[in-house]
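Take a look at the structure below.
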There are 2 protein chains.
Amino acid sequence: MTRDVFQGLADPTRREILNMIAHKSLNVNSVASNFDVSRTAIYKHLKILSECGLVVLQQQGRERYCEARPEKLNEVTDWVEQYRQIWTKRFDALDEYLKKIQEPKKTNLKPKKHGRKK
Amino acid sequence: MTRDVFQGLADPTRREILNMIAHKSLNVNSVASNFDVSRTAIYKHLKILSECGLVVLQQQGRERYCEARPEKLNEVTDWVEQYRQIWTKRFDALDEYLKKIQEPKKTNLKPKKHGRKK
DNA sequence: TAGATAAGAAACCTTTTGGTTTCATAATGT
DNA sequence: ACATTATGAAACCAAAAGGTTTCTTATCTA
């Protein structure tokens, strides 16, 4: 199963898990011991995190190490950036509009001012 | 009620709503008309978005305009940044360690190299 | 080899989510 | 004044989320 990275980050426990293993990979029990919910509950969170690619579980003997995959967070920052672009375009447009209406009347040397982007 | 911004972003419909109104504030009906779920469903999403501060609803006559509040997204990018810092420290530490062990042998000014754990 | 340990799976429960339909209310336009 | 329109609220529902306890299955280790 694959899952949305935004959904993966939605739960605060999962974000805490990410912080925890960012520093150093830990096995499932070690992660769980830092929380006061059951190991099984934490295991489920880990499963979700791995389903959205934020974590990968590496088997090592009878243990399984939880390794952070922070590259996946780019999807988040990308979305935010893309969002900000839409947002700022809005003001660019307003800006342009304001310039246009405030433009002093000139001698008609040039018929039009145009093509000023960004 | 107040709500987690990460939770606000968890639902794809809500992210789409944000994109939609980033460009231009819209009233509730206009937002809803872009989706194939009911107006009431969209209204609920808008309520959630406003509960986590990503949107503010401005009354204007009998309509209510949905205005984006992108500043709130800083909480998200801040978290990601803080996360990356923890993450990169990990490699800084490894780096330092590698430098240390590759350090050429020197005259024995100091009797022992110690304290290297792990 | 037997007992302990680490983790995955299953069954179950409660609360939250995301949706619906229906009803109420407050501005607007005719 | 009256019908229309924009929105909010309520009651309800199915599915998902987050949790539990119990049971299996590997893998160590004494």
Side-chain angles (χ1 to χ4, degrees), chain A residues 1-21 24-69 72 76 79, chain B residues 1-21 24-69 72 76 79:
Chain A
M1 193 208 179
T2 183
R3 201 183 279 254
D4 190 349
V5 63
F6 285 94
Q7 211 190 330
L9 293 177
D11 186 278
T13 303
R14 286 197 289 270
R15 293 198 298 277
E16 228 183 302
I17 290 178
L18 287 179
N19 276 331
M20 199 168 293
I21 64 173
K24 182 174 185 308
S25 290
L26 295 174
N27 65 6
V28 178
N29 268 338
S30 307
V31 174
S33 68
N34 289 285
F35 296 92
D36 55 0
V37 293
S38 71
R39 174 188 59 84
T40 324
I42 295 299
Y43 171 69
K44 285 193 188 176
H45 283 304
L46 285 167
K47 204 163 137 206
I48 291 175
L49 285 170
S50 80
E51 279 167 359
C52 60
L54 286 163
V55 156
V56 32
L57 299 176
Q58 307 269 21
Q59 184 126 18
Q60 203 161 318
R62 68 181 157 180
E63 304 175 271
R64 194 158 279 201
Y65 280 84
C66 312
E67 188 181 310
R69 278 293 148 91
K72 252 292 167 176
V76 175
W79 183 83
Chain B
M1 195 207 179
T2 182
R3 202 184 278 254
D4 190 348
V5 62
F6 285 93
Q7 211 190 330
L9 293 177
D11 186 276
T13 303
R14 286 198 289 271
R15 293 198 298 277
E16 228 183 301
I17 291 178
L18 287 178
N19 276 330
M20 199 168 293
I21 63 172
K24 183 174 184 305
S25 291
L26 296 173
N27 65 6
V28 178
N29 269 337
S30 308
V31 174
S33 68
N34 288 286
F35 295 92
D36 55 359
V37 294
S38 71
R39 173 188 59 85
T40 324
I42 296 299
Y43 171 69
K44 284 193 188 176
H45 283 305
L46 285 167
K47 203 162 137 206
I48 290 173
L49 285 171
S50 80
E51 279 167 358
C52 60
L54 286 163
V55 156
V56 31
L57 298 176
Q58 307 269 21
Q59 184 125 20
Q60 203 161 320
R62 67 181 157 181
E63 303 175 90
R64 194 158 279 200
Y65 279 84
C66 313
E67 189 182 309
R69 279 293 149 88
K72 253 292 165 176
V76 176
W79 184 83

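Lettering of chains follows the sequences in order, A, B, ..., and the numbering in each one begins at 1. If you're wondering where the values come from, they're calculated on a predicted model, not measured in any experiment.
- Put simply, B:Asn29 has a side-chain N or O that comes within less than 4.0 Å of OP1 or OP2 on D:dT7.
- Along DNA chain C, the nucleotide closest to B:Ile48 and the one closest to B:Arg39 are compared, and the more 5′ of them pairs with B:Ile48.
- For D:dG19, the OP1/OP2 oxygens have no side-chain nitrogen or oxygen of A:Ser38 closer than 4.0 Å.
- You'll find the side chain of B:Ile42 reaches within 4.5 Å of the side chain of B:Thr13, heavy atoms only.
- When side chains are defined from C-beta on, B:Trp79 does not count as touching A:Val76, because their heavy atoms never get closer than 4.5 Å.
- Position along DNA chain D of the nearest nucleotide to A:Glu63 versus B:Glu63 favours B:Glu63 as the more 5'-ward residue.
- Residue B:Tyr43 has a polar side-chain atom (N or O) positioned under 4.0 Å from OP1 or OP2 of D:dA9.
- Remark: the B:Lys44 side chain and the C:dG19 base include a donor-acceptor N/O pair separated by less than 3.5 Å.
- Across the protein-nucleic acid pair, B:Asp11 atom CG and C:dG18 atom P stand 5 Å apart, rounded to whole Å.
- Set against D:dA17, C:dA7, D:dG19, the side chain of A:Arg3 has D:dA17 as its closest nucleotide.
- With respect to B:Arg15 and A:Asp4, a salt bridge is recorded, a charged nitrogen being found less than 4.0 Å from a carboxylate O.
- Distance, A:Gln58 CD to C:dA7 C1': 16 Å, rounded to whole Å.
- The CD1 atom of B:Ile17 sits 13 Å away from the C1' atom of C:dG19 (whole-angstrom rounding).
- Distance CD1 (A:Ile42) to C1' (D:dT21): 16 Å, rounded to an integer number of Å.
- At a cut-off of 3.5 angstrom, counting only N and O atoms as typed in the model, there is no donor on one side facing an acceptor on the other between the side-chain of B:Arg62 and the base of C:dG29.
- B:Phe35 has its CZ atom 10 Å from the P atom of C:dG19, to the nearest Å.
- B:Arg64 has no side-chain polar atom (N or O) that falls below the 4.0 Å cut-off from OP1 or OP2 of C:dA26.
- If you measure from atom CG of B:Asn27 to atom C1' of D:dT5, you get 11 Å, rounded to the nearest angstrom.
- Listed pair A:Gln7 / D:dA16 fails the phosphate criterion, with no side-chain N or O lying under 4.0 Å from OP1 or OP2.
- Side-chain N/O atoms of B:Thr40 include none lying less than 4.0 angstrom from OP1 or OP2 on C:dT20.
- OP1 or OP2 of C:dT17 has not a single side-chain nitrogen or oxygen of B:His45 nearer than 4.0 Å.
- Between B:Cys66 and B:Val28 there is a side-chain heavy-atom pair separated by less than 4.5 Å.
- For A:Gln59 and D:dT25, the CD to P distance is 16 Å, given to the nearest whole Å.
- Rounding to the nearest 0.5 angstrom, the gap separating the CG atom in B:Leu26 from the CE atom in B:Met20 is 8.0 Å.
- We find that CG of A:Asp4 is positioned 15 Å from P of D:dA16, with the value rounded to whole Å.
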